Structure formats: structure tokens, C-alpha cells
Amino acid sequence: MKIATFNANSLRSRLPVILPWLDAHRPDVLCVQETKVQDHEFPLDAIAQTGYTSVFCGEKKYNGVAVLSRHALADVEFGLDDEPNDPARLVCARMGRVWIVNTYIPQGRDRDSDMFAYKIRWFDRLKAFLDRRFTPADPILWMGDFNVARDQRDVYDPKGLWGHVCYCQEVQDALQGVLDWGFVDLFRQFCREPGHYTFWDYRMPYALQRNLGWRLDYIMATQVLAKKATTCHIDIQARAGEKPSDHTFLVAEFDF
DNA sequence: ATGGTCGGCAACCGA
């Protein structure tokens, strides 16, 4: 089994990246965040032509999640189970006996904004969501854009960036609280080195060439699946001169 | 130095 996650920053404008990538790599599942497309405008047919079914929930300009799959998806649910439930930030579905939880976690804006408090709470709400449906013994893949860099290996300037909404003690603790429920960071299971990133701010000149990046996207697996993982790697599709952030896939493969 | 650019989509907002 091969799975992947991708922050699209507009699914429709990224189809020229996504469709060839699906054809070349044929993952069983691709989770997408920031689709930025309403459901009635979702490019269902273009994706179906590559052999993938989709489940999705989007908004006009912001947010939006989708799961693209080569296999049937069952028990599809959108959003958390309290209010506001953010249906365009979470999709949960079952593929065979494996559960997929695809999240686009709030970015948080500023440390002193309501959105930051909302971001912190989101992790506890997600843990409650998981508790109501699963146990840590279930085969679950929690993946997507988490907007958290877990430690100093995950940002290009740990001292200078400390205190950012995506790199501060509060968000690291909040994420760790959900990990402690029973998840393994699959990329870190295979690579302990610093400097491997999934996001480069496109406002920074030559951020990719200078490797001024962040690791904000994750594939978290419960133990039963982590034991079967054979690889987890970052696939940067950007060619010379192109902006990389909207072209970065995080991929994991499993021995089944 | 607290900038920069991109996407949606029609004036800024979110990242």
C-alpha cells in the first residue's frame, strides 16, 4: 500500500501537478488540503479519468479537504463532532480495514489572536473525535497539513522562528497530546536528520534553493500500521525556477 | 529588515 498527502493551495490550479503525479506513482490514497473549491465545482471527472474516486468538502476561497483513492471509500465523515465542526478541515474515511483521517489544521494567524486559541483547542477536539470512534489499536493514518513544526530539526532557523504560531511550545504540546494518544511520526521513524522540509514560504526568494523550509505536513500512523511501514519520504516536484511549496508530496509505503 | 507572493476572484484576505 502506498499513501500520500499534498497541500494544494487550490486543487484546480494544481491539477497539472497532481494528475501526472498520480499517473506516475499510483498511490492507493492521496489526501489533499486547501482545495479551495466548492463541492459543485470539484474536478471530479478529471480525477476520475486517472482512475481515482474522490470524497471532498470545500469552501469558496478557503480550506477544503479531499481524499482521492483507487479503492472504494466507506464510512465517510466530514468535520469534528462538536461546533464549529469545520467540515472543510477534516475528512475521515475507511479504505478496507485502514482508516484515513485527513486534516487541515488551522494555521493560527498570530499568537494573541482568537485563531491561535482556536488552533490549540483543535488538537484536543480531534483527540476527543478519535476517542469516540477508535482505540489506538485500530489501523489509523492521520495525515495532512498540521501547521506545526515538531522540533528544531523541522525549521530552517530554530532560534529566529521560535514563537511563530507554527513553531512554539503551545502548538508542539498540543500536537504531542494527540500523538500520545497512539501515533508514530512516520517520516521521523525513517529519518532522524534535520533539514527535511515539506513547506517553503513562496514569499521568500529562492527559499527552496536555500532550503529555508518547514516540516508542517505529516503522516502519523498507529503502531499496528507503523510496524508495517517500509518508507516515508518527501517528494519535491518543483523544477528549477518553480515555486516548490505547492508541489511537495509526502509519501509512505507499507508492506501489505 | 517583520518584508515577500500566490490564489481566489473582484477588494482584500489567508497563508
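Note: hydrogens, waters and symmetry copies are ignored here, and every other heavy atom, side chains too, is used. Residue numbers begin at 1 in each chain, while the letters A, B, ... track the order of the sequences. Note that the structure is a prediction, hence the values are computed from the model and not measured.
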Novice: Which residue pairs pass the salt bridge (Lys or Arg N to Asp or Glu O under 4.0 Å) test with at least one member in residues 125-148 of chain A, sequence neighbours excluded?
Specialist: Glu77(A)-Arg133(A), Asp81(A)-Arg132(A), Asp81(A)-Arg133(A), Asp82(A)-Arg125(A)
Novice: Restricting to pairs with a member in residues 70-104 of chain A, which pass ring pair (Phe, Tyr, Trp, His ring centres under 6.0 Å), not counting sequence neighbours?
Specialist: Trp99(A)-Phe134(A)
Novice: Measure all distances between protein nitrogen or oxygen atoms and nitrogen or oxygen atoms of nucleotides 8-14 of chain B, and list the pairs falling under 3.5 Å.
Specialist:
from: dG8(B); atom 1: OP1; to: Ser10(A); atom 2: OG; distance (Å): 2.1
from: dG8(B); atom 1: O3'; to: Lys60(A); atom 2: O; distance (Å): 3.4
from: dC9(B); atom 1: OP1; to: Lys60(A); atom 2: O; distance (Å): 3.0

Novice: When rounded to the nearest Å, what value does the distance between P atoms of dA1(B) and dA11(B) take?
Specialist: 38 Å
Novice: Whole angstrom is fine here: how far is it from CG in Asp201(A) over to C1' in dT2(B)?
Specialist: 12 Å
Novice: With a cut-off of under 6.0 Å to the ring centre and 45° to the axis, is Lys228(A) in cation-pi contact with Phe254(A)?
Specialist: no
Novice: If a pair satisfies ring pair (Phe, Tyr, Trp, His ring centres under 6.0 Å) and one of its residues is in residues 13-39 of chain A, list it, with sequence neighbours excluded.
Specialist: Trp21(A)-His25(A), Trp21(A)-Phe249(A)
Novice: Between atom CE in Met204(A) and atom P in dC6(B), what is the gap in whole Å?
Specialist: 14 Å
Novice: What's the gap between dG3(B) and dC13(B) when it is taken at their P atoms, as a whole Å value?
Specialist: 15 Å
Novice: Using the C1' atom as the reference point in each nucleotide, state the distance between dA15(B) and dT2(B) in Å, no decimals.
Specialist: 16 Å
Novice: Considering only atom C1', compute the distance from dG4(B) to dA10(B) and round it to an integer number of Å.
Specialist: 23 Å
Novice: Starting from P on dG3(B), measure out to CG on Asp157(A) and report it in whole angstrom.
Specialist: 17 Å
Novice: Hey, could you give me each pair passing salt bridge (Lys or Arg N to Asp or Glu O under 4.0 Å) that has a residue in residues 59-76 of chain A? Not counting sequence neighbours.
Specialist: Asp75(A)-Arg94(A)
Novice: Tell me, please, which residues at least two apart from Arg109(A) pass salt bridge (Lys or Arg N to Asp or Glu O under 4.0 Å).
Specialist: none
Novice: Atom CG of Leu161(A) to atom P of dT2(B): distance rounded to whole Å?
Specialist: 16 Å
Novice: What's the CD1-P distance between Ile18(A) and dG7(B), to the nearest Å?
Specialist: 13 Å
